[in-house]
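Structure first, commentary second.
This is a predicted model, so every value here is computed, not measured. Position 1 is the first residue of the sequence, and the numbers go up from there.
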Amino acid sequence: MLDIYTLGDEVLRESCEPVQTFDSALKVLVDAMFETLAEADGVGLAGPQVGVDKRLFVIDIRGEEKRAYINPQIIETSMEQVPYEEGCLSIPGVWHDVVRPAKVTVQAQDVNGKSFVVHAEGLLARAIQHENDHLNGTLFIDHLSEEEREKVIKAYERRNKGKTRRLR
Ligand code: NI
């Protein structure tokens, strides 16, 4: 089990470096990320959320899609944009609608360095975009209006009173 970093931790705001080495250490990390994700009952988990500033994330939509995305690149997005309620393991306990493209095409590498392409829609498309944001230091609250963001952060602070580190 890995520690999940939360809002206020600097690593969540870093721009991540590409993964260069596809070795056993990477496989160990990815396995640990999948375990941590399942334990936290989440859908996706990105490197910086576990303190690793590398371009990778894992997605596990139970029973449907389980995959590690190394050095992902979103190469196509649909014109159609849709709202979808998002939460984040790094901002636990709060959710808010975020508007994003309904469909995306992502190119990435697996743990062996082999390239693959995924055409995604629905929850998977949403998770890919949310996790990919993490690799650029972006959180879902950054997509909200200032007013909405303040509201979500206040709710988060109230909910996690005494449990959180410094915020903002
Ligand atoms: Ni997140």
Which heavy atom of [X] sits nearest a heavy atom of [Y], and at what distance?
{"X": "Ala108", "Y": "Pro72", "result": "CB-CA, 3.8 Å"}
{"X": "Leu135", "Y": "Gly47", "result": "CD2-N, 4.5 Å"}
{"X": "Cys16", "Y": "Pro48", "result": "SG-CG, 3.6 Å"}

Donor-acceptor pair between Lys54 and Asn71 side chains, under 3.5 angstrom: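 On atom types as modelled, these side chains do not qualify, holding no pair under 3.5 Å.
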Main-chain N/O of [Y] paired to [X] side chain as donor or acceptor, under 3.5 Å:
{"X": "Gln129", "Y": "Pro101", "value": "yes"}
{"X": "Ser90", "Y": "Tyr5", "value": "yes"}
{"X": "Asp97", "Y": "Glu85", "value": "yes"}
{"X": "Arg55", "Y": "Val19", "value": "no"}
{"X": "Asn132", "Y": "Ile128", "value": "no"}
{"X": "Asp31", "Y": "Val28", "value": "no"}
{"X": "Arg100", "Y": "Ala125", "value": "no"}
{"X": "Asp133", "Y": "His130", "value": "no"}

If we only count heavy atoms from C-beta on, is the [X] to [Y] side-chain gap below 4.5 Å?
{"X": "Arg62", "Y": "Asp41", "result": "yes"}
{"X": "Asn160", "Y": "Thr6", "result": "no"}
{"X": "Leu139", "Y": "Arg149", "result": "no"}
{"X": "His143", "Y": "Thr138", "result": "yes"}
{"X": "Thr36", "Y": "Met33", "result": "no"}
{"X": "His134", "Y": "Cys88", "result": "yes"}
{"X": "Glu157", "Y": "Ile153", "result": "yes"}

Could you state whether [X] and [Y] fall into the same hydrophobic cluster, counting links through intermediate Ile, Leu, Val, Met, Phe, Trp or Tyr residues with side-chain heavy atoms under 4.5 angstrom apart?
{"X": "Val50", "Y": "Val111", "value": "yes"}
{"X": "Val94", "Y": "Ile141", "value": "yes"}
{"X": "Val98", "Y": "Val82", "value": "no"}
{"X": "Tyr84", "Y": "Leu144", "value": "no"}
{"X": "Tyr69", "Y": "Ile61", "value": "yes"}

Side chain to side chain contact (heavy atoms under 4.5 Å, CB included) assessment of Phe140 paired with Ile91: CA-CA 9 Å; Phe140 81 89; Ile91 320 175; 3.9 Å; yes
Intermediate values then yes/no, side chain to side chain contact (heavy atoms under 4.5 Å, CB included), Val30 and Val58: CA-CA 7 Å; Val30 164; Val58 298; 4.1 Å; yes
Find the distance between [atom1] ([X]) and [atom2] ([Y]) and round it off to the nearest 0.5 Å.
{"X": "His96", "Y": "Ser145", "atom1": "NE2", "atom2": "OG", "answer": "7.0 Å"}
{"X": "Ile74", "Y": "Glu76", "atom1": "CD1", "atom2": "CD", "answer": "11.5 Å"}
{"X": "His119", "Y": "Leu124", "atom1": "NE2", "atom2": "CG", "answer": "12.0 Å"}
{"X": "Glu86", "Y": "Leu123", "atom1": "CD", "atom2": "CG", "answer": "9.5 Å"}
{"X": "Leu12", "Y": "Leu7", "atom1": "CG", "atom2": "CG", "answer": "7.5 Å"}
{"X": "Ile70", "Y": "Phe57", "atom1": "CD1", "atom2": "CZ", "answer": "9.5 Å"}

More than 12 foreign heavy atoms under 6.0 Å from [atom1] of [X]: is that the case here?
{"X": "Glu148", "atom1": "CD", "answer": "yes"}
{"X": "Glu147", "atom1": "CD", "answer": "no"}
{"X": "Asn112", "atom1": "CG", "answer": "yes"}
{"X": "Met1", "atom1": "CE", "answer": "yes"}

Passing candidate, side-chain contact (heavy atoms from CB on, under 4.5 Å) with Val118, options Thr105, Ile59, Val106, Val104: Val106
Leu56/Leu29 under side chain to side chain contact (heavy atoms under 4.5 Å, CB included): CA gap, chis, key distance, verdict: CA-CA 10 Å; Leu56 81 162; Leu29 171 65; 4.1 Å; yes
For Phe22, ring pair (Phe, Tyr, Trp, His ring centres under 6.0 Å) partners two or more places apart: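 Scan of Phe22 (ring pair (Phe, Tyr, Trp, His ring centres under 6.0 Å), adjacent residues dropped) gives none.
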